[in-house]
Number of protein chains: 2
Amino acid sequence: MGKPNARDRILTAAGQLFHHQGYSNVGINEIIKQADTAKASFYQHFRSKEALCEAWLQDVHDRSETSRADIIAATETSVEDRLITYYEHLSAFLTNSNFRGCPYTNTSAMVDTECTGVVHQIRMHKESLREFFVLLVQSGYPDGDTEILTKIGNQLFILYSGAATESQNLGDLWPVESAKQASLQLLSSIE
Amino acid sequence: MGKPNARDRILTAAGQLFHHQGYSNVGINEIIKQADTAKASFYQHFRSKEALCEAWLQDVHDRSETSRADIIAATETSVEDRLITYYEHLSAFLTNSNFRGCPYTNTSAMVDTECTGVVHQIRMHKESLREFFVLLVQSGYPDGDTEILTKIGNQLFILYSGAATESQNLGDLWPVESAKQASLQLLSSIE
DNA sequence: GTACTACCAGACAGACTTGTCTGAAAGTGA
DNA sequence: TCACTTTCAGACAAGTCTGTCTGGTAGTAC
């Protein structure tokens, strides 16, 4: 139960600050103060602020990946119910973070294309999220036409993204509910 | 064909820079350099950088508002065709701006809730965009149930937002096409 | 002991930030 | 010509930023 090592403390602090204030609005000094560590320790573990950003996004990705894998694996539950569960996760996440939205999308708005590492991290995550929705749909319709199921999966991905984005913009949960309903409607059109 | 006045030059320059680099990543000095004006002139027209941001968003809103009013008014064209037209606008806008996405959503990611003026501007715009989709749907189904038409309009709004967001994240237009198809599918479910 | 690693405190450089201020030039209307 | 407004150039204050560097402490392995 002791203090985690400096690297983990930095990653945790940076995660909170980046998410709540945005990458560009957080400085190294603020991060090391929150992490209760020294600047020299920071640069011992991370080449630069940008490298920290990459590590943070990687960390978030790894966590969310396992949570999605669980949902894909729960084939004893219907696609619809698993989708609803996933939207409940989103709801809780947004409420919990004061409607700060998707860390990847927010970061994408702040870095330019020269930050290739960060941009790559964002695209990897988004592609993986898209694939999750496709797999989810496929798992519910094993005999369905792959092309159609992929199309619907892509659409669910966009609805999910729009829900997170507009919940953040409006500071309200209704877009989440709305996107969930639309997703169910699109799913019901498969047969 | 002479030089526009300083205020307009500043607004134009700031618009480009804010959109392409993001509000937090653009400084006053860069703006006045691009606008070919002096710092004193800047502060004669704008109280602060934040006030400039508000003025910029207001400006973008006014322009897009009239373009949407035209689409609502074109009742001789079907809802589906007008929706497709609007998605073509989005496509062109994203291509044109190197996939920099929605200025409002991007700005929302960079300012915190204390910037009440900016946050208000963002919410006003988003609410007006939501209303556009509702009015569009209603214009095509004058005898439809208002509650259902509003629900569908809200869903189209979220799809549109998700398309812009993920196009930016992935640097690709496929989400726009995908959202358009999903919108048409949801519309077709009305009767 | 000795070597090694992890960590810490914080000064410092050099460049950047927003916003204020001084003082002057250019254009306009009467 | 006189008065007025707009614009200009840029110094300046007071603070921020990232990243480097020096010098030191604590704990561990052998």
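Side chains are part of it too, since the values below use all heavy atoms of this structure and drop only hydrogens, waters and symmetry mates.
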Just grab all the salt bridge (Lys or Arg N to Asp or Glu O under 4.0 Å) pairs involving [range], residues at least two apart or on different chains.
range	value
residues 41-59 of chain B	B:Asp59-B:Arg63
residues 167-185 of chain B	B:Glu177-B:Lys180
residues 122-140 of chain B	A:Glu166-B:Lys126, B:Glu127-B:Arg130

Can you sort out the partners of [X] under salt bridge (charged side-chain N to carboxylate O under 4.0 Å, His left out), two or more places apart, ordered by chain and number?
X	result
B:Glu30	none
B:Glu88	none
B:Asp81	none
B:Glu80	none

Hey, are the side chains of A:Phe18 and A:Asn106 touching, using non-hydrogen atoms and a 4.5 Å cut-off?
no

Where along residues 17-27 of chain B does a heavy atom fall under 4.0 Å from DNA chain C?
B:Val26, B:Gly27

Members of residues 39-59 of chain B that approach DNA chain C, where some heavy atom sits under 4.0 Å away
B:Lys39, B:Ala40, B:Tyr43, B:Ser48, B:Lys49

Look at all strands and tell whether A:Asn29 reaches a base, only sugar-phosphate, or nothing, counting heavy atoms closer than 4.0 Å.
base

Just how far, in rounded Å, is P of D:dG15 from CD of A:Glu30?
17 Å

To the nearest Å, give me how far apart CG (B:Asp8) and C1' (D:dT7) are.
14 Å

Joining Ile, Leu, Val, Met, Phe, Trp and Tyr whenever any side-chain heavy atoms lie under 4.5 Å apart, the cluster holding A:Met110 also takes in B:Met110

Walking along DNA chain C from 5' to 3', note the first and the last nucleotide with an atom under 4.0 Å from a heavy atom of chain B, and give both.
C:dT17 to C:dC21

The side chain to side chain donor-acceptor pair (under 3.5 Å) partners of B:Asn25 (sequence neighbours excluded) come to A:Ser24

